[in-house]
Amino acid sequence: MFGSKKRKLKLDDLMAQLRPDLSRESLGVGPDFPGVAPNPLLSGAARKRNAELRTGPLALGVLVDWREVSSDGSPRVVLMFDVETAGGISFRGVADEDLTITELTRLAPGQKLPVRYRPAVMDHYVALARDADPAQVRQLFDEIASRKRT
């Protein structure tokens with residue numbers, strides 16, 4: 001009735017204003033990326049996504065960079081990976097993880113880590129595959145390395 005039309009601010013836009021280092025552009029992902037949840041424990045979509053990622057297929061993630069989101073208790077970190085799947089698909093992956101201080105100090109760009117992804121969704125979200133069988137991880141790494149040599 002009176003006044004101007006107010007633009008409805010999306011959560012992603014709000015996060016980008018509060019933390020420009022967590023914007024889509026800064027993370028190197030496209031417009032399909034839903035964004036980093038302020039608190040993934042309170043987000044039903046984030047809980048569902050994390051459950052799906054725990055059962056996703058393995059891929060090779062090469063660590064590009066990381067951003068610390070919070071340091072309360074164990075540090076919450078957003079990790080950016082260049083991901084390559086067993087099928088030869090490459091994409092920028094983003095993992096939202098709680099790490100120990102020891103794990104955080106061992107992070108180094110270029111580090112290769114096993115990650116899990118959701119092939120049906122392909123929304124840039126990945127998760128560290130901490131539960132992966134070392135033999136299966138080695139086989140995946142060798143398969144990707146042999147494909148790059150040819």
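Tracing side-chain contacts under 4.5 Å through hydrophobic residues (I, L, V, M, F, W, Y), one never reaches V62 starting from W66; they form parts of separate clusters. By the criterion of side-chain heavy atoms lying less than 4.5 angstrom apart, applied directly or through intervening Ile, Leu, Val, Met, Phe, Trp or Tyr residues, V126 is not grouped with L60; the two fall into different hydrophobic clusters. Residues L79 and F91 share a single hydrophobic cluster, defined by chaining ILVMFWY side chains whose heavy atoms lie under 4.5 Å apart.
Pairing each heavy atom of D96 with each of R76, the nearest pair is OD2-NH2, 2.6 Å. Heavy-atom minimum distance, P57 versus P119: CD-CD, 3.6 Å.
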Requested in this report: With side-chain contact (heavy atoms from CB on, under 4.5 Å) as the test, would you mind laying out the steps for Q136 and L140 before giving the verdict?
Outcome: CA-CA 6 Å; Q136 191 179 14; L140 174 68; over 6 Å; no

Query raised in the report: Checking side-chain contact (heavy atoms from CB on, under 4.5 Å) for the pair R92/V64: CA distance, chi angles, key distance, verdict?
Result: CA-CA 9 Å; R92 171 62 54 94; V64 175; 4.0 Å; yes

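Of the possible donor and acceptor atoms, none in the side chain of H124 sits under 3.5 Å from a partner among the backbone N and O of V94. Using a distance-only test at 3.5 Å, with no hydrogens or angles considered, a donor-acceptor pair links the side chain of E97 to the main chain of L128.
For residues 53-65, the side-chain hydrogen bond (donor to acceptor under 3.5 Å, both in side chains) pairs, not counting sequence neighbours, are D65-R67.
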Which donor-acceptor pairs under 3.5 Å do the side chains of residues 105-115 make with protein atoms, sequence neighbours left out?
| residue | atom | partner | partner atom | Å |
| --- | --- | --- | --- | --- |
| T105 | OG1 | I101 | O | 3.4 |
| T105 | OG1 | T102 | O | 2.8 |
| Q111 | OE1 | A108 | N | 3.1 |

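At least one side-chain heavy atom of I144 sits under 4.5 Å from a side-chain heavy atom of R147. Side-chain contact between V77 and E103: absent, with no pair of heavy atoms (C-beta onward) separated by less than 4.5 Å.
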